[in-house]
Protein chains: 4
Amino acid sequence: MSKWMNYIIKEGSKENKLTKKQENILIAAVELISEKGYEKVSTAEIAKRAGVAEGTIFRKYKTKRDLLDAIFIPSFMRFVKPIVIKEFISTVLDKDYNTLESFIEVIVRDRYEFAKDETPLFRIIIQEIISQDYIKEEIKEMFLIDAYPVFTKLIKRLKDKNEIIDVDEITFFRIIITNVLGFLIPRFVLFPDLQWSDEKEINMTIKNIIKSLS
Amino acid sequence: MSKWMNYIIKEGSKENKLTKKQENILIAAVELISEKGYEKVSTAEIAKRAGVAEGTIFRKYKTKRDLLDAIFIPSFMRFVKPIVIKEFISTVLDKDYNTLESFIEVIVRDRYEFAKDETPLFRIIIQEIISQDYIKEEIKEMFLIDAYPVFTKLIKRLKDKNEIIDVDEITFFRIIITNVLGFLIPRFVLFPDLQWSDEKEINMTIKNIIKSLS
Amino acid sequence: MSKWMNYIIKEGSKENKLTKKQENILIAAVELISEKGYEKVSTAEIAKRAGVAEGTIFRKYKTKRDLLDAIFIPSFMRFVKPIVIKEFISTVLDKDYNTLESFIEVIVRDRYEFAKDETPLFRIIIQEIISQDYIKEEIKEMFLIDAYPVFTKLIKRLKDKNEIIDVDEITFFRIIITNVLGFLIPRFVLFPDLQWSDEKEINMTIKNIIKSLS
Amino acid sequence: MSKWMNYIIKEGSKENKLTKKQENILIAAVELISEKGYEKVSTAEIAKRAGVAEGTIFRKYKTKRDLLDAIFIPSFMRFVKPIVIKEFISTVLDKDYNTLESFIEVIVRDRYEFAKDETPLFRIIIQEIISQDYIKEEIKEMFLIDAYPVFTKLIKRLKDKNEIIDVDEITFFRIIITNVLGFLIPRFVLFPDLQWSDEKEINMTIKNIIKSLS
DNA sequence: GATGAATGAGCATTCATTCAT
DNA sequence: GATGAATGAATGCTCATTCAT
């Protein structure tokens, strides 16, 4: 089981400890939804692959949607939050990652590692962001509440060092997101079978972000 | 009605002329599928928005999937083929677009115009490519049959002029696709509401492609 | 076109002359219903094979059932009536077919010829008799009104000649029907592909009827 | 509930025990299909008569056709197999039924008992044989694999005793089938309401078969 | 907690029939 | 008379969800 599958299970278990069966349900759901898409997978199918009765899913998750959220939300958080939360950015800035480049590099590589190690979860995240409008609202809100003030500080600091141009917070965010997803979506969702030189792509993504900002 | 909506309708009418009601069905289907995704839209919903009886849909389109294909296939062709078909590339090369930059610029701007003018169709295309594995196969096949030989010539020519490095055809194709979609998907599908400087993004996309190739 | 297909068309034409298209509809309907059964054939299918528009069928026949009746009723009459109607029996009795055997032979051979020459119509008749309870009522009524009195006379006459035992009219009728259908249904509907010695079977059927009656 | 309705339910229960509701579905289906024919009965109608929700039918039987097969196949086997399987024929031959007449009598009376006790099932069998061509193929195959070799032995034996003429296996089979169905179809399917002297008909059927064979 | 039979609203699809042209 | 687009009720079937055991 992957590191993050493990994390989701642990997360869920803060409130109610997950049984082995509940674990299997989550694993089966991630596999199937990632392969076929949320709408095309039936709860009966998930139950069958998980080796449990059809009703068992609904003991823990009131609805099918709840089950998806139990997968999507922590995955999404893990993927997005580090860009967004105070602690992460402070840490980065306080450390030797004191330049723009080291900061961007950490972000890109971390996102890449996640998409690579947890491709099924990454696929689910992308599917959901595309099809669920409400998620875009959540992202916007999350950005405004959590990221905006931190970004203000960060931008000021980098600008003081003459490392970046005078950008507003939204543009700063957008440039990073666009470049990261612009690499990871074709790489892991659309054309995973093509020949990719990942290291080269990562470096180019980093450089593009920096160039856009400086 | 948009230019390309119009095109789909005209296309269909080569064989069987579409009635006003059949037109309304297509328009309603594009709107709804683009908004909610193919799986989440019911034929009853499409019929209702189109102002027709549910049975009317099935007079023209044998299945719900047929209806989607009648929208998807011509849109997809319009989006992808110009990169791929002989005539287009020959034309480009024979004209004053004789340098790499002019060639790339035409491709990027054309794709951008399509995604901008026909955003609902573009959203449908992306949804389908993500969820339908068989489409990836079709793209691969289309590439091998149509694009590969033309690309060979094009690459040779550009290399002779020292405009590009020594890349194989697949890499050439991949670099273009990745960069174009890496811009257009966040721009029109994921975060259409953010503030975008389209002209700047287009230029950066062009430059990134060129840089990757040279 | 077979003799009896021709007859059905002529029959219908007593009131309204059938057009060529209406003829084609009848022909197509007989073929398809005989092959696939009434329920499994759609009016659209019949229209297509007949080379007419879907609506055309309903100009002549108000409902699909009307169309079947236009085929079934005259076919059925042709098949059953001769046993039942006065004129036929009188004719038979007045001629040199003056013995039981000649009478039975005419009936059996006529029925056989019909089933052989008009197998599709015969199949439709059998299908209908099996599935439509109201037809059994019609047969009963037809028997009581038309056949009963004639049979009374016929039976008396044959009994006077000592050719038959003392049977009531219903039994007389039943013995004939059973034996004829007991041969023709397996022969033309159930197992038409087996090797059959028709002449031998016909003779045996005749003999069985006579034996049952004498 | 009849003996064989009971058997169908038990049969099904070898693998999955049938619930009371599933039993009711089978009973309702047999009644309705026998009365109106498979095509004319809707699953909604069956569900209503069985007193269950429509979805309940499809929990056990994936399709409406599966439901019919669950009724038809064991009924058909019960009706046909004894003529066809080794054990039955051996048993018959080894016992005191050592003459042709006793053999034929067992077959005819068994078939008659089935059609009498399970008339609805018998009606369904006949409907199906008439309308489903693939069943005729199955019968042919079953005959060739199971019955043919046993018939060869049986015929040889009877011929050695001078009880029958020199007939091939197919003819032997056909004569029995034709005569049995030629009695039972008019008796139980077409005109069940006529006055029948069953004992007399059975004897005549037996005699006809013997006469045809000797 | 777990089961799986049962539910019933919802779905895509069919098709006899209508009617404006 | 003929057409064929349009209809809408009905059909077989799916599936998330419930609940008695």
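Letters A, B, ... mirror the listed sequences (proteins, then strands); counts begin at 1. Keep in mind that the numbers below use all heavy atoms, side chains included, and drop hydrogens, waters and symmetry copies.
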If I take atom [atom1] in residue [X] and atom [atom2] in nucleotide [N], what distance separates them, rounded to the nearest angstrom?
| X | N | atom1 | atom2 | answer |
| --- | --- | --- | --- | --- |
| Ile57(D) | dA5(E) | CD1 | P | 16 Å |
| Ile46(D) | dT7(E) | CD1 | P | 15 Å |
| Lys20(C) | dA2(F) | NZ | P | 13 Å |
| Tyr61(C) | dC15(E) | OH | C1' | 20 Å |
| Ile25(B) | dT7(F) | CD1 | C1' | 12 Å |
| Lys48(D) | dT11(F) | NZ | P | 12 Å |
| Gln22(B) | dT7(F) | CD | C1' | 13 Å |
| Glu45(B) | dT13(E) | CD | P | 15 Å |

Side-chain donor/acceptor of Lys64(C) to backbone N/O of Val41(C), under 3.5 Å = yes

query = Counting only N and O atoms by type, is there a donor-acceptor contact under 3.5 Å from the side chain of Lys40(D) to the main-chain atoms of Glu35(D)?
reply = no

query = Got a second to check how far Arg123(B)'s CZ is from Ile130(A)'s CD1, nearest 0.5 Å?
reply = 8.0 Å

Flag side-chain contact, heavy atom, 4.5 Å: [X] against [Y]:
| X | Y | result |
| --- | --- | --- |
| Val189(C) | Thr119(C) | no |
| Tyr134(B) | Glu138(B) | yes |
| Ile33(D) | Gln127(D) | yes |

note = Per-nucleotide protein contact along nucleotides 14-21 of chain F, 5' to 3', at a 4.0 Å heavy-atom cut-off (B base, S sugar-phosphate only, - neither), is B-BBB---

key: Lys60(C) side chain near dA2(F) phosphate (N/O to OP1/OP2, under 4.0 Å)   = no

ask   = Quick one: ring pair (Phe, Tyr, Trp, His ring centres under 6.0 Å) partners of Tyr38(C), sequence neighbours excluded?
value = none

Earlier contact from the 5' end, DNA chain F, for Lys21(B) and Lys21(C) = Lys21(C)

key: Among Phe72(A), Phe79(A), Phe76(A), the one residue meeting ring pair (Phe, Tyr, Trp, His ring centres under 6.0 Å) with Phe122(A)   = Phe79(A)

task = Mind listing the closest non-hydrogen atom pair of Asp69(B) and Pro74(B) along with its distance?
result = O-CD, 3.6 Å

task = Using the criterion of both pairing distances under 3.5 Å for Watson-Crick and G-U wobble pairs, give all stems of 3 or more consecutive pairs involving DNA chain E.
result = E:2-21 with F:2-21

